[in-house]
Amino acid sequence: MTQQHPAAWWLSALALAATTAAINHGAFSVAAVFVALAVGLRHAYSPQARRNFIVVAMGLAGLVAVRVILQNLLGYPMGSHVLVTLPTIDMPMWLSGLRLGGSITSESVLFALSDGARIAAIALAFVSAATVTSPTRVLRALPLSMQSAGMIVVIAVTFLPHLLADLSRVRNASRWRGQQLRGLRHVMAQMINVAESALDRSVTLAAALTVRGYAHSPSRNRWSLLIGSTGAIGFGFALALSGFRLNLGMGFLLSLIAMRFGVQRPTGEIARTRYRQSEWTLRDVVIAVSPVAAALTYIVANVATSNLSIGLICSLSVLLAAVGADFIAVGSRKSFA
Amino acid sequence: MIELKGVGLTYSELPVLNDLSLRIEEGELVLLAGPTGSGKSSLLSVINGLAPQFTGGHLTGTVSIDGHHQHQTDTSDWSRLVATVMQSPIDSFVADVVEDEIAFGMETHGFAPEAMRQRVEEVLDLLGLADLRQRPISTLSGGQQQRVAIASALTLQPRVLLLDEPTSALDPTAADEVLSTVHRLVHDLGLTVIVAEHRIDRIIHYADRVLLLSSDAGPQLVNPQAAVRLFPTMPTLTQLAELAGSNESPLTVRDARKVVEPLRQLLDGHTPPLRLISSHQPHTIELHDVTIKRDRSVILSGISMECARGSITALMGRNGAGKSTLLHTLVGDHKPHAGRVAVDGKPPHDLHGAALVETVGLVPQQPSDLFLTDRVADECRMSDRLRSVPAGTTRALLALLSPAVEDTQHPRDLSEGQRLGLALAISLAGNPDVLLLDEPTRGLDSQGKARLIELLKSAARDGRTVVLATHDVELAAEVADNVVVLSEGEVVAAGPAHEVLTASTMFAPIATKVLAPLQWLTVNDVRRSLS
């Protein structure tokens, strides 16, 4: 399997998240969750990244479950299709806005599910992009003026897997010391040991980057970085606050693009070059564009037929066709090359 | 090429380097030697510019390379003059794939893509990495990783290459491969190289000069023949030459063999001492057909071995052969997928708390994994409490193992040897029947190693069963009764140390190589027989 351009995956994730936020329909959100799952599980850059992805995905599933339970146990039911009626517990006066128990309606459950799926889809889109592109490849693709930031990000990203490895080593070591895993104090002591190891390693990595000339003399670029990113964030906020739901996602996308250009003005600095620049292939284009295509289909079909479900079906089929094409192109094999 | 004038480095009032002035010529390979804490790593970080910005401390004096003064050169340009290969390269890699890692430095410095392509090819060939170019770095062996680190340091065509203990984590073959590569670079490219190293025996014959850092005599830059007699512990070759009555200082096994002829005649009629464990000692460790898998790949396969009470067994083999996994199995971290493990007759993975502590103690590869507090005194108190031994037991053991350690020090601030001492004290406090050590000589200087050897022998005399995983052939030759050689998770050789070590080309100790066909393992054995 040839490696795709990291930017393709990140653009695709951004577009998927933005589209899901903009369309805000349960069925689309669920489809987006499956797309993100398929991407993360099938294209992970290493077995470890795949395992981390699974852990995060399960955590998100748990979050959705909590969301559904809380909505139905605490909120007032929507709609009239009652599924079950639980005994109601009277709340004290000062909590009279809440209700515990009572009837649970299918409308409430559906609403909580689709809202949960939307949040999960947006989060999973980014997690899957982080799973399929190795942080070191992203680091190398960053423009010069973002290198200091890039160094921090890479150290942060490599921090977690090392932390987990250290944790299991230190827990084993505590066992040999004869320590039973009891008490907050002992757990804290282990956490401190682990944090110290991770810190040592991060310092080593930063030192290694420094002796190799990474993140050198960024001073001349600081102002353009500051102005560029402030402008971009302000632009994004302005769009997001202007009201439209659609704009929230698009504003996010545009602000990132603006930020990219805002920081792209190195003044007389040697530019960073790329060894064997990843080619931007047709596959990359398809990856990056398919969520956008799905969104466009939705809008076009809505305008043409003014029937929400037809638009939805069309856009879903575009999204699923992209995933299907990916399955056919790559086959069922998993490759961590 | 490198010129230091009055260089001093002070960490919070504590001088690490003091008024150091020296000149290293172009194309020299300089061995940087000295006991732990003598400032070897500090000197390297002064030269590569990490001190004081990165390490803290106060730097005085000037450093210049090829006429460029460090304080007048910015970090980026300086990183093109001096390249550094850090102590554990795996922690300092920034890319996943060999080729990308090698190109990283050039990308940072904005080389044209065509120039990069060409130079990557050259460096790949220079270090024999062409076949590995697309491999993920995490799948490489220790020696290969070290070569990748050197390759990526070389792409910027530095004038000076610094290596901080490049072989401390490597098996003998890989270590030799790395050092001979460095030697070739000095000759082919005229590179100036400084190597900090503890295992003098391994590297001294490659060195043009030796920079000796020591607290009492002050720094000395001398040629290797003179240096061998200045070390606190003389290299094995020199000791053998001395025993043979020669005042020469052979630096290679070949030279030594010419010199030791009189010694061979002296030894005629003496037989090497055999370390045989009396056969009626019970077996404290028994493994029967043990298989361990991780992520569906087999780490250990069908391992069977036994260790008698009071014996010392050395586990040897390449990086990644399964030595550590075997030790961790003995302490119960892994439950075998097949086969049977018994320590003191019980499966270790079923033991917990006090029962485990009284049975087996492990000193891990990174002793700091054991430490859970921020003061040595607290660490010892905790150890006493967890083992329900009288207060002060661990502290007394530590005082015996590393006398210089103070109560108020942070365990992580200790030197490599002191950390090992603390970990050993913690493991021994519970009075375990079985003592396991994973690479105990890593980063240990010669005095530290001598103390470790004494300690292991006395532990065995006390009736403990000792198993150590090590790359250090000399350590195994000195202490081991039995040697087990692992390869790819299988036992390839097992038996008494004098049989396994003398029969192997990879694991033959220096004394064996020099005195062959006589089968002596160590200089100390020779000396004891003669006296």
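Just so it is clear, the structure is predicted and the values come from calculations on it, not from any experiment.
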What part of B/M116 lies closer than 4.5 angstrom to a heavy atom of chain A: side chain, backbone, both or neither?
both
pair A/Q190-B/L372: side-chain heavy atoms closer than 4.5 Å
yes
Chain A contact via B/S383 - side chain, backbone, both or neither, heavy atoms under 4.5 Å
both
From A/R175 atom CZ to B/L356 atom CG, the distance as rounded to the nearest 0.5 Å:
5.0 Å
Gap separating the CG atom of B/D369 from the CH2 atom of A/W176, nearest 0.5 angstrom
6.5 Å
Can a donor-acceptor pair be found, under 3.5 Å and without considering hydrogens, that links the side chain of B/R412 to the backbone of A/N193?
yes
Toward chain A, the part of B/H334 with a non-hydrogen atom under 4.5 Å
neither
Please classify the contact between B/P348 and chain A as side chain, backbone, both or neither, with a heavy-atom cut-off of under 4.5 Å.
backbone
Per-residue contact mode, B/L370 against chain A (heavy atom under 4.5 angstrom):
both
Measure the NE2-CZ distance between B/H328 and A/R169 for me, rounded to the nearest 0.5 Å.
8.5 Å
Contact winner vs chain A - B/R80, B/M106, B/Q366, heavy-atom pairs under 4.5 Å:
B/Q366
For B/E99, is it the side chain, the backbone, both, or neither that has a heavy atom closer than 4.5 Å to a heavy atom of chain A?
both
Between B/L362 and chain A, which part of the residue has a heavy atom less than 4.5 Å away: side chain, backbone, both or neither?
both
A/I192, A/N172, A/T204: which one forms the most heavy-atom pairs within less than 4.5 Å of chain B?
A/N172
When rounded to the nearest 0.5 Å, the distance separating CZ of A/R171 from CG of B/D333 is 12.0 Å
Using non-hydrogen atoms and a 4.5 Å limit, figure out which bit of B/R117 sits close to chain A: side chain, backbone, both or neither.
both
Structural part of B/R135 lying under 4.5 Å from a heavy atom of chain A:
neither
What's the spacing between B/L156 CG and A/R212 CZ if we round to 0.5 Å?
8.0 Å
Greatest number of non-hydrogen atom pairs under 4.5 angstrom with chain B, of A/R177, A/R201, A/R51, falls to A/R177
Among B/G361, B/P113, B/G332, B/A83, residue most engaged with chain A (heavy-atom pairs, under 4.5 Å)
B/G332
Over all atoms of both residues, closest heavy-atom pair of A/L209 and B/F104:
CD2-CZ, 3.7 Å
Side chain, backbone, both or neither of B/T373 within contact of chain A (heavy atoms, under 4.5 Å):
neither
Side chain, backbone, both or neither of B/V120 within contact of chain A (heavy atoms, under 4.5 Å)
side chain
